[in-house]
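In what follows, a structure is listed as structure tokens, so that the remarks can point back to it.
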2 protein chains.
Amino acid sequence: MIVEDDQEIRNSFSLIVNSSQKFTVVNAYGNCEEAIAALHRDKPEIVLMDVELPGMNGIQGTKVIKDKSPHTDIIMVTVYEDSELVFEALKAGASGYITKSANYMELLSALEEIVKGGAPMSSRIARMVIDNFHVNPNSPLTKRETEILQLISEGKTYTQISEELFISKETAKTHIKNIYSKLQVNSKSEAIAKANLEKLI
Amino acid sequence: MIVEDDQEIRNSFSLIVNSSQKFTVVNAYGNCEEAIAALHRDKPEIVLMDVELPGMNGIQGTKVIKDKSPHTDIIMVTVYEDSELVFEALKAGASGYITKSANYMELLSALEEIVKGGAPMSSRIARMVIDNFHVNPNSPLTKRETEILQLISEGKTYTQISEELFISKETAKTHIKNIYSKLQVNSKSEAIAKANLEKLI
DNA sequence: TAAATTATCACGCATATAGGGGTATTACGT
DNA sequence: ACGTAATACCCCTATATGCGTGATAATTTA
């Protein structure tokens, strides 16, 4: 299924997909609302989803489609490679992310990749996604502080932390105070938020 | 640079890389310690790193190399596609992840992919990584509760949450109590931990 | 090698915030 | 009409946080 508001692009994608031996377009829509309404009829295995759409956008649409039809794989197709949008789309349930500049080959190989259980992405998206995992090697925290921050992020209390590390509760407290001071926060939850933001753990 | 303890594989990789027009092996080592010691001499642009190694393992080694030489890209090469190992390697700073079964073409195209700023991965790894972003569509929480959990994860206090949502502090508290009961936790940090684990936000 | 810094450890008191248990009203969608 | 979600309040206790003080071990730097 194709969801794309630009008629030219929509037709071009349809032609490319239908020209392949393996894939067939069941239907193409100009907005998510129509696509969602037709979901139970069309039963698409793969959806090529535009991000910018009139009405419901492609990210919200992805959520709804994944909710109604969890086994349908969704590939986002967009002009932008803005990192926030990418991550939002992935959180929403997209399994691939390619750009509109994708040519014949790239589009079809993305479909191939999906059916064989992969996750097609452009080079830049792949790097963006991988970079998102990298832990900051320039953390201001000491090893011990990082260790304690890790335990905080696991939901441990002062007492649990002190027991786990065989130190007194007061010592745990001192470490946590130092962590707060370095991260300029003043609660566990804030510390966790900052730790995730700056990839300290 | 190649770091791989099995001499046969090491030689085979060296041959493949050197056979290409674009790439040259500066050195190949059987363990991380030697590789790290030679880092400033060899100045590799790319390291092909085995995971299982005698002495320091490939993940620790990746951390050290990225720390000493941040611009060196590291591609993990392994027989296993165990999800925990993959994520640990990515956190440590790896920019690619391929399997030892990779043939001539796959190995060289991984190198190509790295130099053009991408992140080469096998299909399964790519899917694993993407799936890691997907938010659980079967959350037991209501929309409002999810919204509040989101604010908790941003480090907000009861008061801040109530102000942000234009509700009373007591209402925020009630929602949070309900969240705790549904997630079977009893603190903000634990709630955040569970939320991340079960991808509720 | 000596000096300095950093990491680790420890205690006490006052206050703020969070958590546990209960109860209740209103609004909305099926 | 009913269940669920969202709103709100009360009382009490537990935990965490802020601020101060100080000491020893380990590591780095001069």
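Keep in mind that the numbers below use all heavy atoms, side chains included, and drop hydrogens, waters and symmetry copies.
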Atom CZ of A:Phe166 and atom C1' of C:dT8: how far apart are they, to the nearest Å?
17 Å
Determine the contact category for A:Lys182: base if any of its heavy atoms lies under 4.0 Å from a base atom, sugar-phosphate if only primed atoms, P, OP1 or OP2 are that close, otherwise nothing.
sugar-phosphate
If you compare all heavy atoms of A:Gly61 against all heavy atoms of A:Cys32, which two are closest, and at what distance to 0.1 Å?
CA-SG, 3.8 Å
Surrounding CZ of A:Arg144 (heavy atoms of other residues, nucleotides or ligands, distance under 6.0 Å), is the total greater than 12?
yes
Between C:dC9 atom P and A:Ile179 atom CD1, what is the distance in whole Å?
12 Å
Return yes if the base of D:dG18 and the side-chain atoms of A:Lys177 contain a donor-acceptor N/O pair under 3.5 Å, otherwise no.
no
OP1 or OP2 of D:dA16 versus the side-chain N and O atoms of A:Lys188: is any pair under 4.0 Å?
yes
Has B:Thr142 got a side-chain N or O lying under 4.0 Å from the OP1 or OP2 atom of D:dA6?
yes
If only side-chain N and O atoms of A:His175 are considered, is one of them under 4.0 Å from the OP1 or OP2 phosphate oxygen of C:dA7?
no
Tell me whether the side-chain N/O atoms of A:Thr171 come closer than 4.0 Å to OP1 or OP2 in C:dA10.
yes
Whether A:Asn186 contacts D:dG18 is assessed here as follows: a side-chain N or O lying under 4.0 Å from the phosphate OP1 or OP2. Is that the case?
yes
A:Asn178 CG to D:dT21 C1', in whole Å, measures 14 Å
D:dT17 phosphate, OP1 or OP2, under 4.0 Å from A:Tyr158 side-chain N/O
yes
Answer yes or no: does atom NZ of B:Lys100 have more than 12 heavy-atom neighbours from other residues, nucleotides or ligands under 6.0 Å?
yes
What contact category does A:Lys173 fall into here, base, sugar-phosphate, or nothing, at under 4.0 angstrom with non-hydrogen atoms?
base
Rounded to the nearest 0.5 Å, what's the gap from CE on A:Met1 to CD on A:Glu34? Could you check?
10.5 Å
Residue B:Glu170, side-chain atoms from C-beta onward, closest of D:dT7, C:dG12, D:dC10:
D:dC10
So which nucleotide from C:dC11, D:dT17, D:dA8 ends up closest to the side chain of B:Ile167?
D:dA8
Taking atom P of D:dA16 as reference, at what distance in whole Å does atom CD of A:Glu190 sit?
16 Å
Would B:Thr99 and B:Ser101 count as having a side-chain donor-acceptor pair, cut-off 3.5 Å?
yes
Roughly, in whole Å, what's the span from CD1 in B:Ile176 to C1' in C:dA18?
9 Å
For A:Ser168 and C:dC11, is the shortest distance between a side-chain N/O and OP1 or OP2 below 4.0 Å?
yes
For the pair made of CD in B:Glu164 and P in D:dT7, what is the distance, rounded to whole Å?
14 Å
Between A:Lys169 and A:Thr174, which residue's closest nucleotide on DNA chain D lies nearer the 5′ terminus?
A:Lys169
Separation of A:Leu149 atom CG from C:dT8 atom C1', in whole Å?
17 Å
Whole angstrom is fine here: how far is it from CD1 in B:Ile161 over to C1' in D:dT7?
15 Å
Is the distance from OP1 or OP2 of C:dC9 to the nearest side-chain N or O of A:Arg144 less than 4.0 Å?
yes
Do the side-chain N or O atoms of A:Tyr180 get closer than 4.0 angstrom to the phosphate oxygens (OP1, OP2) of D:dT17?
yes
When you match B:Lys156 and A:Leu141 each to their closest nucleotide on DNA chain C, which lands nearer the 5' end?
A:Leu141
When the ring planes of A:Phe133 and B:Phe87 are compared, do they come out parallel, tilted or perpendicular, using 30° and 60° as the limits?
parallel
